[in-house]
Structures are given as structure tokens and as C-alpha cells.
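Structure, as C-alpha cells:
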Amino acid sequence: MIDYGLQGKVALVTGAGGGIGRAAALVFARSGASVLVSDVNAEGGAETVAMVEAAGGRAAFVRCDVARADEVKAMVAAAVEIFGGLDCAFNNAGINRLGDDEYDDAIWERNMGINLSGVMRCMREEAAVMLPRGGGAIVNTASINGLVGNGAQPAYTAAKHGVIGLARHGALRWAKQGIRVNAVCPGVIETPMTAPLVANPEMKAMIDGMTPLGRFGTAMEIAEAVVWLCSPAASFVTGHAMVVDGGATAF
Ligand SMILES: NC(=O)c1ccc[n+]([C@@H]2O[C@H](COP(=O)([O-])OP(=O)(O)OC[C@H]3O[C@@H](n4cnc5c(N)ncnc54)[C@H](O)[C@@H]3O)[C@@H](O)[C@H]2O)c1
């Protein structure tokens, strides 16, 4: 397993109560970083902290709903208070409810509030802490739905396109001040979010068939890309939307 060389660094992960965020917390910790585990789900967050500690890492949990500006500000302040600073941030919290009518105003607003505005709020507060320290690295979770259309989900598609836009914006805005900002674009990954797809044999076969590598990805396969993007090995990478999708968008 690769150590991405983050000894003495502090990493913050939103949506770390399960799935991709939990996997990223484990890889950050494996690479030497102290990890501020954050999620709206306190039970899942506590489990992630226990998993990091069981593996010999250092972590603390702070509950935060990324749709709330005050909670995002408090989450970033907690990273500084508990671990003394902030070097890496993975803005990963998100929702995707299959079957929702995203043209409904309330559903649209909720989707945007978490999937797009939540990422903006995190970037704003993280950069405010990173700038006086001379830099840092931020990764936002987009999706292949940030690169190609999805006929069923207008809000999710627009939000994920926006998340890539925010990463490119941040890369330009803070390049001279040492903050790199990138996005990761997962294909279909086996996590609690996609459990209904995995449980449905027809859907699972369809998705396996749409993916050149012939399967769902794992949360760890996304986490490895994310922590690499945050590491010194990616020091010349900024403004990039990294696709990790088993070839699904290679057609
Ligand atoms: N699983 C996939 O196939 C896939 C594909 C592309 C992109 N993504 C994206 O990856 C990210 C992680 O998804 P996952 O698959 O690990 O799903 P998941 O449901 O396992 O994890 C998402 C986490 O975000 C948390 N969360 C939800 N709303 C929140 C809020 N308002 N504030 C803070 N935390 C909140 C949840 O409690 C959960 O722990 C999401 O942004 C998702 O859109 C997932």
C-alpha cells in the first residue's frame, strides 16, 4: 500500500461517515495525516474515527451539515483547534437520490445546497485557513455526471458540472498563493449510495456492462486518487478533473 507522504499534515474530509469519504480518511491516515472526519451522520463518523484509530492513525469527528454556512465554518475551525492547522481538504459530502423529481423546486434547492453550494462553502473556509499558512491542497468530489449528461437528474448533473467549475476557479484564484485545487470524477462506485443498484441484479448487470472494466469501482480506488492529488507527488497538478471510472467515459 502506498504512503503518500503526508506525515505531520492535517486533512479534513466531508461525508466521511461512510463510502468514499471513509476510504479517503483511511488513506490520509495511512499516509501520516491527522484526519478531521466530518459528516452529518454522527454514528458513521464515529465508526470512521474508530477504524482510523484501529489502523494506528489519528482522527477526530466533527458533525457538520455542509448545507449550513455556520457549521462549515465551525468544522474548519475545529480542524485548526484540534490538530493545529489544515493542509489537505476533501470536499466529498453529497447526496444522490435515484427516482427523485429534481425539477421539483425543493428537491432542486436541496441538491444544490449540498452538492454544489456545500462545496463552495467548504472551499471558502478552507482557503481562508490555508492562505496564511502558505498553501494547501483541495479536492472536490464531482462525478462522471460532471462531464457528461444524465437524462434523469438535472440537479445532480448541474451540481457536479459546477463542482468541476469550482475546482478550476479555485486553481486559478489561489495558484500563486500555493493552494492547488482539483476534482475527482468517480464512475459508479460500490458505496451505501449505490446499494440499491448493487441489490438489483438487472441494474448491476447493466452498469457492469456499461463499464469497460466490467464492474463497479471501490471506494478505495477513488480514495487512492484523491490522496495522491493532495500529496507532494501531485505538486504540478491543479485545476484538473481526474476521471476514475473504469473507462465508462472513454467511448
Ligand atoms: N458512489 C458513486 O457511484 C458515486 C459516483 C460519483 C460521485 N459520487 C459522489 O461521491 C461522494 C460520496 O458518495 P458515496 O458514494 O461515498 O456515498 P455515501 O452516501 O456512502 O456517502 C456520502 C456521505 O455524505 C454524507 N452527507 C450527506 N449529506 C450531507 C450533508 N448535508 N452534510 C455533510 N455530510 C453529508 C452522508 O451522511 C454520507 O456519509 C458524493 O459527493 C457523491 O455524489 C459517488
Side-chain angles (χ1 to χ4, degrees), residues 12-27 36-49 51 61-76 89-98 100 102 107 109-122 125 139-148 150 153 155-164 166-167 183-198 203-204 207-208 210-211 215-223 225-226 241-246 248-249:
L12 182 163
V13 182
T14 71
I20 293 168
R22 171 174 289 170
L26 287 163
V27 178
L36 199 284
V37 169
S38 184
D39 203 290
V40 75
N41 170 7
E43 201 179 320
E47 275 173 23
T48 301
V49 169
M51 289 169 77
F61 174 71
V62 170
R63 188 191 172 282
C64 170
D65 178 347
V66 297
R68 298 206 35 172
D70 55 340
E71 294 188 14
V72 171
K73 200 173 174 63
M75 168 187 72
V76 173
F90 180 33
N91 301 321
N92 163 75
I95 54 166
N96 180 2
R97 295 224 329 235
L98 299 172
D100 270 1
E102 295 185 359
I107 292 172
E109 295 298 342
R110 181 168 156 69
N111 211 299
M112 287 295 167
I114 296 171
N115 288 340
L116 181 59
S117 306
V119 172
M120 177 279 292
R121 289 180 200 103
C122 289
E125 303 304 332
V139 175
N140 299 335
T141 303
S143 165
I144 54 173
N145 288 150
L147 297 166
V148 298
N150 166 341
Q153 297 185 298
Y156 190 76
T157 304
K160 293 301 189 182
H161 275 71
V163 165
I164 294 173
L166 279 172
V184 66
C185 302
V188 189
I189 309 303
E190 192 168 348
T191 68
M193 186 178 274
T194 55
L197 303 179
V198 176
M203 287 298 289
K204 186 175 178 315
I207 289 165
D208 288 348
M210 277 167 26
T211 309
R215 61 174 175 84
F216 283 51
T218 68
M220 270 294 167
E221 287 172 318
I222 305 304
V226 168
M242 179 175 279
V243 178
V244 186
D245 71 347
T249 54

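Order of appearance sets the numbers: ligands from 1, and atoms from 1 within every ligand. What you see is a predicted model, and the numbers here were worked out from it, not measured in a lab.
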Handout entry: Atom CD of Glu190: over 12 foreign heavy atoms under 6.0 Å
Key = no
Practice task
Of all the heavy-atom pairs spanning Cys122 and Asn91, show the shortest one and how long it is.
Solution key: CB-OD1, 3.2 Å
Practice task
Just jot down the salt bridge (charged side-chain N to carboxylate O under 4.0 Å, His left out) partners of Glu109, sequence neighbours excluded, or say none.
Solution key: none
Problem - Sorted by chain and number, the residues that approach ligand 1 to under 4.0 Å with a heavy atom - result: Gly15, Gly17, Gly18, Gly19, Ile20, Asp39, Val40, Asn41, Cys64, Asp65, Val66, Asn92, Ala93, Gly94, Ile95, Ile114, Thr141, Ala142, Ser143, Tyr156, Lys160, Pro186, Gly187, Val188, Ile189, Thr191, Pro192, Met193, Thr194
Practice task
Nearest 0.5 Å please: distance from the CG atom of Leu12 over to the OG atom of Ser38.
Solution key: 6.0 Å
Exercise for the section: Answer yes when Glu43 and Arg63 have at least one side-chain N-carboxylate O distance shorter than 4.0 Å, and no when they do not. Expected result: no
Practice task
Identify whether the distance between the nearest side-chain nitrogen and carboxylate oxygen of Arg22 and Glu47 falls below 4.0 Å.
Solution key: yes
